[in-house]
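This report refers to the structure that appears directly beneath it.
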There are 2 protein chains.
Amino acid sequence: MVTIKDVAKATGVSPSTVSRVIADNPRISPDTKKKVRKAMKDLGYHTNISARNLVVKSTKAIGVIMPSSADKALQNPFFPEILRGIGSVTHRMKYSVTLSSGQTEEEIYEEVQRMVFGSYVDGVILLYSRLNDRVTNFLIERGFPFVIVGKPYENVNGITHVDNDNFTAGKEITEHLIDQGHEKIAFIGGSKDLFVTIDREAGYEAALQEAGHEVSDSYKIHTEFLKSGGREAVENLMSLKTPPTGIVVSDDLMSVGVLSMLEESGVKVPRDVSLVSFNNVYLSEIILPALTTVDIQIHELGAQSAKALIEKTVNKTEPVKRISIPYEIVYRDSVSRLP
Amino acid sequence: MVTIKDVAKATGVSPSTVSRVIADNPRISPDTKKKVRKAMKDLGYHTNISARNLVVKSTKAIGVIMPSSADKALQNPFFPEILRGIGSVTHRMKYSVTLSSGQTEEEIYEEVQRMVFGSYVDGVILLYSRLNDRVTNFLIERGFPFVIVGKPYENVNGITHVDNDNFTAGKEITEHLIDQGHEKIAFIGGSKDLFVTIDREAGYEAALQEAGHEVSDSYKIHTEFLKSGGREAVENLMSLKTPPTGIVVSDDLMSVGVLSMLEESGVKVPRDVSLVSFNNVYLSEIILPALTTVDIQIHELGAQSAKALIEKTVNKTEPVKRISIPYEIVYRDSVSRLP
DNA sequence: AATGTATGTGCAAACGATTTCATGAACTGG
DNA sequence: CCAGTTCATGAAATCGTTTGCACATACATT
């Protein structure tokens with residue numbers, strides 16, 4: 001391995017000088033710079049990152065924490081997409097991304113501990129926001145820089161996070177259904193512990209209330225993921241005395257599951273029931289019917305969170321921010337107008 | 001930050017001793033160990049990873065390189081799943097995972113360079129295998145440990161890789177179609193540069209040939225991803241004088257696109273045409289019809305590649321391996337028997 | 001009793017960078 | 001021409017660990 005000393009020797013300058021040309025220190029003469037740079041290239045020098053990290057006490061790396069694997073949930077295309085978003089800025093800033101690999105909550109917790117105590121990373125992005133989360137608490141307690149994608153479960157004004165206005169999005173998308181003449185509208189969402197679900201559902205309710213339509217518990221389903229339990233729930237829903245004519249689903253992937261169940265029971269979308277959802281994942285435009293869904297700009301969510309985190313790590317006094325990524329409803333073919 | 005010296009001071013031993021109890025060196029007496037461990041706990045000591053890396057010249061980290069983003073392709077659930085697989089073993093071995101974040105081929109190449117030259121990682125997993133890939137060449141040239149998920153484009157016996165037997169899988173799944181009475185079978189795949197596509201397609205052809213059925217170029221479609229171009233191709237395919245009765249699609253996600261196009265043109269699956277594909281991503285069981293697909297065990301693919309890579313990094317003389325993950329066809333509802 | 005071998009620990013030199021401080025040379029202005 | 005700056009560079013300390021070697025003590029062997 002070729003070190004700074006080798007380059008120094010080869011150029012006849014001191015190691016300090018080499019270090020300075022690497023940092024592009026203005027006090028080094030252009031001549032020397034040229035010479036040193038050439039030597040670096042010739043010898044194939046690359047700075048050793050551990051050595052540098054050791055002295056500068058920073059790693060230029062951020063940790064990305066995935067939710068504990070509620071199994072299939074991680075197959076959600078949301079994740080690769082948000083990783084791309086994060087990557088787009090980390091790459092530009094020459095940061096690297098360390099991914100969590102724990103599966104259970106406990107494993108993840110240990111991992112985050114290692115990351116922060118061992119100085120693996122300068123900051124952390126949490127890809128979930130769960131009620132009463134150990135990891136979050138730990139990070140706060142240690143005063144370690146982190147940002148949440150989604151809404152923190154408490155201390156909303158004390159934690160930098162990037163989110164959509166899920167309440168309003170939920171409200172708007174169900175208003176769309178209402179505009180199309182629907183009154184009986186159901187909601188199918190994921191875990192009630194997740195803030196996304198909570199917010200979107202609240203928006204859904206608000207829209208109904210505002211329009212003076214009934215909001216009934218029998219119209220609301222919460223299912224971790226749609227295998228066994230989900231199927232029955234959907235069947236029950238559609239065999240109510242007055243089944244809904246519209247459904248708000250809290251996630252595109254979930255929507256394709258719901259779609260299948262419906263069609264399987266002979267219910268056609270959008271002919272018999274209209275369906276709207278969230279995320280605007282690629283999937284939602286290649287499925288039939290293409291989904292009317294709210295585009296939450298996953299990529300941007302990722303990019304902004306990385307940006308905010310990096311700012312935070314370089315400047316510890318950076319103020320707390322609440323970043324709201326605008327959403328946009330994209331109208332496709334899963335909704336029909338009621339007479 | 002509490003260092004080894006602090007612990008040493010607190011216990012009245014030398015730093016070396018502390019270091020040795022961390023390593024659980026047998027030459028340290030049980031008493032001392034106990035004492036030191038207590039102090040570490042009390043003071044909240046955690047070893048600084050940069051410092052250690054610097055001297056042991058290893059990072060216990062592996063790099064995972066995603067393919068350059070042929071855009072939507074990365075939204076394939078294949079990726080989160082393989083990351084989970086990798087994570088399952090890295091976590092167990094206390095390794096960390098650094099994700100590539102470059103989008104273009106060029107960016108990725110630079111990134112890999114940084115990773116290896118800067119000693120960011122001990123080894124690298126390539127999540128793709130492309131014809132004449134710069135990154136691969138670079139890794140070989142440098143003699144840097146890496147494994148490929150998929151089949152290397154050359155020097156197959158010189159590069160450790162973990163793969164399915166995609167040829168046989170392709171053959172078997174089309175034989176299933178043939179068994180069900182199909183003779184006119186088409187193939188829809190992704191880029192011809194990707195080895196998965198090539199192998200699966202070759203298997204498809206072999207099956208047809210062996211059965212004495214026609215294999216025609218007009219039955220083969222290659223589409224980067226299924227937006228505009230794909231749609232026409234599929235339409236053309238189905239409006240041939242003798243349209244296929246069965247289709248082999250090289251990827252589940254692609255299948256849902258194909259499915260939609262077909263249904264949109266009034267072609268029902270499996271009534272009018274049967275469809276089989278690959279991967280067995282969660283999606284394929286929640287869509288309607290549920291897909292008959294070959295389960296390639298993505299998770300295992302990831303786990304084995306991580307395992308092989310780690311072995312390789314700890315033991316440089318570890319022999320080259322070709323690891324073949326068994327696949328299994330899972331029969332669902334997208335195929336119908338022809339009279 | 002003399003020699004040899006375990007056993008447990010400490011000293012000090014790495015590892016490869018960055019950075020503070022010092023220094024000599026060259027320049028500036030009066 | 002001298003004092004005061006500015007400029008370009010070097011010496012050496014430092015970051016937190018690991019590890020080869022030395023050393024002292026205790027024990028076993030003849």
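Convention: sequence-line order gives letters A, B, ...; per-chain numbering from 1.
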For the helix from C:dA1-D:dT30 to C:dG30-D:dC1, what angle separates the axis at the start from the axis at the finish, each from five pairs, in steps of 10°? 40°
To the nearest angstrom, how far is [X] atom [atom1] from [N] atom [atom2]?
| X | N | atom1 | atom2 | answer |
| --- | --- | --- | --- | --- |
| B:N25 | C:dT7 | CG | C1' | 11 Å |
| B:D24 | D:dT17 | CG | C1' | 17 Å |
| B:N53 | D:dT18 | CG | P | 10 Å |

For residues 94-116 of chain B, the ring-ring contact (aromatic ring centres under 6.0 Å, His included) pairs (sequence neighbours left out) are B:Y109-B:F138
Please list, chain by chain and in numerical order, all residues satisfying side-chain hydrogen bond (donor to acceptor under 3.5 Å, both in side chains) with A:S14, sequence neighbours excluded. A:S16, A:T17
Sequence neighbours left out, what passes side-chain hydrogen bond (donor to acceptor under 3.5 Å, both in side chains) with B:R134? Give chain and number order. B:E106
When you compare the protein's N or O atoms with those of nucleotides 12-19 of chain C, which come within less than 3.5 Å of each other, and at what distance?
from   : atom 1 : to    : atom 2 : distance (Å)
C:dC15 : O3'    : B:K57 : NZ     : 3.0
C:dG16 : OP1    : B:K57 : NZ     : 3.2
C:dG16 : N2     : A:A51 : O      : 3.4
C:dA17 : OP1    : A:Y45 : OH     : 2.7
C:dA17 : OP1    : A:N48 : N      : 2.8
C:dA17 : OP2    : A:I4  : N      : 2.5
C:dT18 : OP1    : A:R52 : NE     : 2.9
C:dT18 : OP1    : A:R52 : NH2    : 2.8
C:dT18 : OP2    : A:S19 : OG     : 2.6

Note: B:R114-B:E110 ion pair, threshold 4.0 Å (strictly below): no
Is it true that A:K38 and A:D42 make a salt bridge, defined as a side-chain N closer than 4.0 Å to a carboxylate O? yes
Residues of residues 35-42 of chain A with any non-hydrogen atom less than 4.0 angstrom from an atom of DNA chain D: list those, numerically ordered, please. none
Pull out every residue in residues 112-121 of chain B that has a heavy atom closer than 4.0 Å to any atom of DNA chain D, ordered by number, or say none. none
Can a side-chain donor-acceptor contact be found between [Y] and [X] if the only test is distance below 3.5 angstrom?
| X | Y | value |
| --- | --- | --- |
| A:Q103 | A:S68 | no |
| B:T317 | B:N315 | yes |
| B:E300 | B:Q304 | yes |
| B:S58 | B:D122 | yes |

Test side-chain contact (heavy atoms from CB on, under 4.5 Å), reference B:V7, set B:K41, B:M40, B:K35, output is B:M40
Applying salt bridge (Lys or Arg N to Asp or Glu O under 4.0 Å), name anything that partners B:K5, two or more places apart in sequence or on another chain. none
Tell me, please, which residues at least two apart from A:K9 pass salt bridge (Lys or Arg N to Asp or Glu O under 4.0 Å). none
On the six-membered ring of A:Y128, is A:R130 placed so that its NZ or CZ lies under 6.0 angstrom from the centre and within 45° of the ring axis? yes
Selection residues 152-161 of chain B - residue pairs positive for salt bridge (charged side-chain N to carboxylate O under 4.0 Å, His left out), sequence neighbours left out: none
Under the rule for side chain to side chain contact (heavy atoms under 4.5 Å, CB included), what residues qualify as partners of B:D24, not counting sequence neighbours? B:K33, B:R37
What are the atom names and distances for every N/O pair under 3.5 Å that joins the protein to nucleotides 22-25 of chain C?
none

